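Encoded as structure tokens, the structure appears first; notes follow it.
Nothing here was measured: the structure is a model prediction, and the numbers come from that model.
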Amino acid sequence: MKRKVSYLHQDNENQRGDMMNIMEVVLIYLLWAISFFAMTAAVGKGCTIWRWIVIILYLAAVAPFTWLLIGEAINPSEDANIGVGLSYYLLQYVSISGLIVAVLTAIIRYVRRK
């Protein structure tokens, strides 16, 4: 029977794969943060209701991913964890669509100024 070992105490054969997983998680959170700040800048200071909607939407997208990622690190599963995958895709969808909306808003504002 294979013993479950946490991510922090694995042997050397899995260290390279774990380092890639850590880098991927860091990049996911970086994309989320960039998208969040771009979206709050696109909303502007005058629309407080839209700013709160953006904050709640982004927190609702990152909370399940963080919760399930911490749970997976504490108690790793031997098979696929569907919840982590679905929360990963939700976070990516919100981040990428937020960046697209922020860029389109910036382009529209730039064209209106001219």
Side-chain angles (χ1 to χ4, degrees):
M1 183 170 167
K2 190 174 180 181
R3 182 172 73 98
K4 288 185 180 181
V5 182
S6 72
Y7 287 124
L8 300 175
H9 300 95
Q10 287 186 352
D11 51 359
N12 289 334
E13 72 183 33
N14 292 330
Q15 275 185 338
R16 184 177 175 143
D18 289 340
M19 197 60 170
M20 292 301 290
N21 291 341
I22 292 171
M23 290 291 289
E24 185 179 3
V25 168
V26 168
L27 290 175
I28 289 168
Y29 280 118
L30 185 64
L31 173 68
W32 177 83
I34 290 170
S35 175
F36 174 73
F37 290 122
M39 196 62 191
T40 54
V43 168
K45 293 180 181 178
C47 303
T48 55
I49 188 75
W50 283 106
R51 182 169 285 209
W52 281 109
I53 289 173
V54 166
I55 289 171
I56 291 171
L57 177 69
Y58 273 82
L59 288 178
V62 80
F65 182 70
T66 304
W67 182 264
L68 291 171
L69 203 63
I70 291 170
E72 185 69 23
I74 291 171
N75 189 12
S77 60
E78 304 248 342
D79 55 350
N81 190 339
I82 296 172
V84 173
L86 289 175
S87 63
Y88 169 79
Y89 285 124
L90 173 69
L91 185 62
Q92 291 297 313
Y93 176 74
V94 169
S95 298
I96 292 171
S97 60
L99 276 176
I100 292 171
V101 168
V103 168
L104 289 176
T105 305
I107 290 172
I108 290 171
R109 286 184 182 170
Y110 179 75
V111 169
R112 283 188 181 173
R113 286 184 187 165
K114 282 190 166 188

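- Across F65 and L91, no two heavy atoms sit closer than the pair CD2-CD2, 3.6 Å.
- Between P64 and A60, the closest heavy-atom pair is CD-O, 3.0 Å.
- Taking Ile, Leu, Val, Met, Phe, Trp and Tyr as hydrophobic and joining them when side-chain heavy atoms fall under 4.5 Å apart, one finds I82 in a cluster with L86.
- Under a hydrophobic clustering in which Ile, Leu, Val, Met, Phe, Trp and Tyr are joined whenever their side-chain heavy atoms come within less than 4.5 Å, directly or via other members, L99 and F36 fall into different clusters.
- In the hydrophobic clustering (ILVMFWY side chains linked at under 4.5 Å, chained through shared members), V111 is joined by V103, I107.
- Minimum heavy-atom separation, V101 to T105: O-OG1, 2.7 Å.
- When every heavy atom of M39 is checked against every heavy atom of G98, the shortest pair comes out as SD-O, 3.6 Å.
- The environment of I49 atom CD1 is sparse: at most 12 non-hydrogen atoms of other residues, nucleotides or ligands sit within 6.0 angstrom.
- Atoms OH and OH, from Y93 and Y88 in turn, are 16.0 Å apart once rounded to the nearest 0.5 Å.
- The backbone N or O of A63 lies less than 3.5 Å from no partner atom in the side chain of T66, so there is not a single donor-acceptor pair.
- Rounded to the nearest 0.5 Å, atoms CD1 (I74) and CG (L69) are 10.5 Å apart.
- Here the closest heavy-atom approach between residue S95 and residue Y58 is recorded as O-OH, 4.4 Å.
- Counting Ile, Leu, Val, Met, Phe, Trp and Tyr side chains that sit under 4.5 Å apart, directly or through other members, I108 stands alone, with no cluster partners.
- Note: the hydrophobic cluster containing I96 does not contain V25 (ILVMFWY, side chain heavy atoms under 4.5 Å, direct or indirect links).
- Hydrophobic cluster membership is shared by F37 and V94, with clusters built from Ile, Leu, Val, Met, Phe, Trp and Tyr side chains linked at under 4.5 angstrom.
- Between V62 and Y29, the shortest heavy-atom contact is CG2-CE2, 3.5 Å.
- Between the S35 side chain and the L31 main chain, no donor and acceptor come within less than 3.5 Å of each other.
- For the atom pair CG (L59) and CH2 (W32), the distance works out to 5.5 Å, reported to the nearest 0.5 Å.
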